Number of protein chains: 2
Amino acid sequence: MLNILNTSIIVCRMAKDTNRPYRRAHGGEAPPAGLEAALPDIGQRLRELRMMHGHSQRELAKRAGVTNGTISLIEQNRISPSIGSLKKVLDGFPISIADFLTLDLRHKAKVFYAAKELREIGSGAISFKLVGRDTQGRALQMMHERYQPGADTGPDMLSHTGEESGIVVAGLIELTVGGETRTLTSGDAYYFDSRLPHRYRNTGTIDCVIVSACTPPSF
Amino acid sequence: MLNILNTSIIVCRMAKDTNRPYRRAHGGEAPPAGLEAALPDIGQRLRELRMMHGHSQRELAKRAGVTNGTISLIEQNRISPSIGSLKKVLDGFPISIADFLTLDLRHKAKVFYAAKELREIGSGAISFKLVGRDTQGRALQMMHERYQPGADTGPDMLSHTGEESGIVVAGLIELTVGGETRTLTSGDAYYFDSRLPHRYRNTGTIDCVIVSACTPPSF
DNA sequence: TCGACGTGTTTAGGATATTCAACATTCAGC
DNA sequence: GCTGAATGTTGAATATCCTAAACACGTCGA
């Protein structure tokens with residue numbers, strides 16, 4: 001099977017360096033065409049990652065224990081680094097080879113959310129403000145919850161797949177999980193499997209504010 | 001930096017094949033010792049995967065478009081395959097390089113946490129209070145973070161697998177993610193892929209408090 | 001017992017990756 | 001306009017990878 005990457009490298013070399021003829025991969029069988037998933041653009045990935053970290057080629061080379069020339073050639077896709085040396089190079093960053101190959105650096109997901117941008121659901125006594133509008137492809141759902149005095153998620157206990165956790169920021173909340181009830185105040189926290197029936201009640205006299213998260217997103 | 005893998009390869013070659021002398025990686029500096037994460041045992045992984053699929057080396061070689069010798073050498077860790085050829089080999093299976101490298105080598109939980117029970121790590125300018133002592137089997141890690149004025153996670157950007165999100169509860173924080181920088185204040189929020197290099201800095205004059213969550217737990 | 005296959009391993013040599021050193025460029029500081 | 005120090009690129013030499021072909025061993029059936 002013909003390797004697309006290697007081929008392109010050769011083309012590149014031929015064009016730039018020498019006229020030395022190139023032996024076609026396997027004289028015999030024709031390649032079954034590009035059925036396999038494309039190999040990510042190692043060079044550009046590395047360059048972007050390096051830039052993000054604010055390192056020069058030499059700086060990274062020193063950290064990684066390779067030469068700056070190697071970094072340069074890899075970034076230009078002039079060579080296909082061995083696993084060993086790619087590992088060395090990535091040792092210059094806190095990232096694994098697997099993550100490096102998977103990470104989508106180009107996709108610009110929304111990162112920052114002004115308070116007013118949080119999506120608010122449930123008005124009245126209980127309000128949830130969600131971080132992020134579409135939870136597509138996200139593993140987490142972060143929330144800013146506010147319970148007015150007397151607010152109550154009700155006697156019909158909640159129950160859904162996933163896990164949830166939170167920290168009380170202000171006021172107090174009475175939380176029941178799987179039959180056990182506790183009152184939490186500012187700084188206290190909870191963590192439970194969302195399949196356990198649960199209920200929140202503000203038994204205090206001021207608004208209760210909780211910052212919580214659940215996975216997977218359930219809104 | 002000396003590459004452990006390559007070294008062992010050489011040793012192996014020397015012992016079995018020839019007595020040809022081996023030039024030590026870099027005459028100069030001594031290796032800073034095994035600080036970096038171990039490179040997964042490519043050879044054994046490949047062998048196991050191949051066995052699971054019931055292929056012989058030659059059979060896989062044919063599918064992959066490499067020679068059986070290459071498979072053999074890789075499985076013995078005699079060579080560190082190039083990304084390109086590892087890709088080719090894995091094209092013989094329905095698995096990506098990243099998955100291949102990651103592939104796994106095979107009650108009543110505590111719900112309520114008083115503020116004092118939160119496990120505190122990092123005492124100085126930055127302190128994290130974690131919900132839950134052992135994150136074993138948990139999908140989420142909830143945290144109460146406090147940054148003193150001037151606190152900074154440092155120019156060596158953080159980067160790790162997972163996703164993280166948070167809401168600023170008090171003060172302000174300057175957050176850099178994947179090259180983009182923003183200053184968030186109380187009520188603002190963020191969400192990003194933790195593999196993107198990121199950095200937190202309290203550029204304000206009072207303590208900044210953030211309640212955040214990440215998945216999977218990374219402490 | 002023998003050959004014809006199957007397996008994984010090894011070897012020599014050509015192809016590719018990596019290093020080292022030099023080069024070209026940019027940019028700050030004078 | 002000069003340096004000097006930084007950057008990324010390149011060519012030649014060397015080390016490593018990859019292939020092709022042979023090797024050694026085991027199994028099976030005649």
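What you are looking at is a predicted structure, and each value in this text was computed from that prediction instead of being measured. A note on names: the letters A, B, ... follow the listed sequences, proteins ahead of strands, and every chain is numbered from 1.
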Could you give the [atom1]-to-[atom2] distance, from [X] to [N], as a whole number of Å?
X	N	atom1	atom2	result
A/R50	D/dT7	CZ	P	9 Å
A/Q76	D/dG8	CD	P	11 Å
B/I79	C/dT11	CD1	P	15 Å
B/L60	D/dC18	CG	P	14 Å
B/L73	D/dT19	CG	C1'	10 Å
A/I74	C/dT19	CD1	P	8 Å
A/N77	C/dA17	CG	C1'	14 Å
A/H55	D/dG8	NE2	P	12 Å

Closest to side chain of [X], choosing from [options]:
X	options	value
A/S56	D/dC18, D/dG8, C/dT18	D/dG8
A/R47	C/dA17, D/dC18, D/dG8	D/dG8
A/R78	C/dT19, D/dT10, D/dC18	D/dT10

[X] side chain N/O closer than 4.0 Å to the phosphate oxygens (OP1, OP2) of [N]?
X	N	answer
A/S82	C/dA17	no
B/Q57	C/dT9	yes
A/T70	C/dT18	no

Between atom CD of B/E164 and atom CG of B/L196, what is the distance when rounded to the nearest 0.5 Å?
10.0 Å

Starting at NZ of A/K87, measure out to CD1 of B/I42 and round the result to the nearest 0.5 Å.
10.5 Å

Tell me, do A/T185 and A/V168 make a side-chain contact under 4.5 Å, heavy atoms counted?
no

Going by modelled atom types, is there a donor-acceptor pair between the base of C/dG6 and the side chain of B/R58 at under 3.5 Å?
no

Test item: side-chain donor near acceptor, B/E174 and B/T203, under 3.5 Å:
no

Residue met sooner reading DNA chain D from 5', once B/N68 and B/P81 are mapped to nucleotides
B/P81

Determine the interplanar angle of the B/Y190 and B/Y200 rings, folded into 0 to 90°, and report it as parallel if under 30°, tilted if 30 to 60°, perpendicular if over 60°.
perpendicular

Within the structure shown, what part of the strands sits under 4.0 Å from A/S72 by heavy-atom distance: base, sugar-phosphate, or nothing?
base

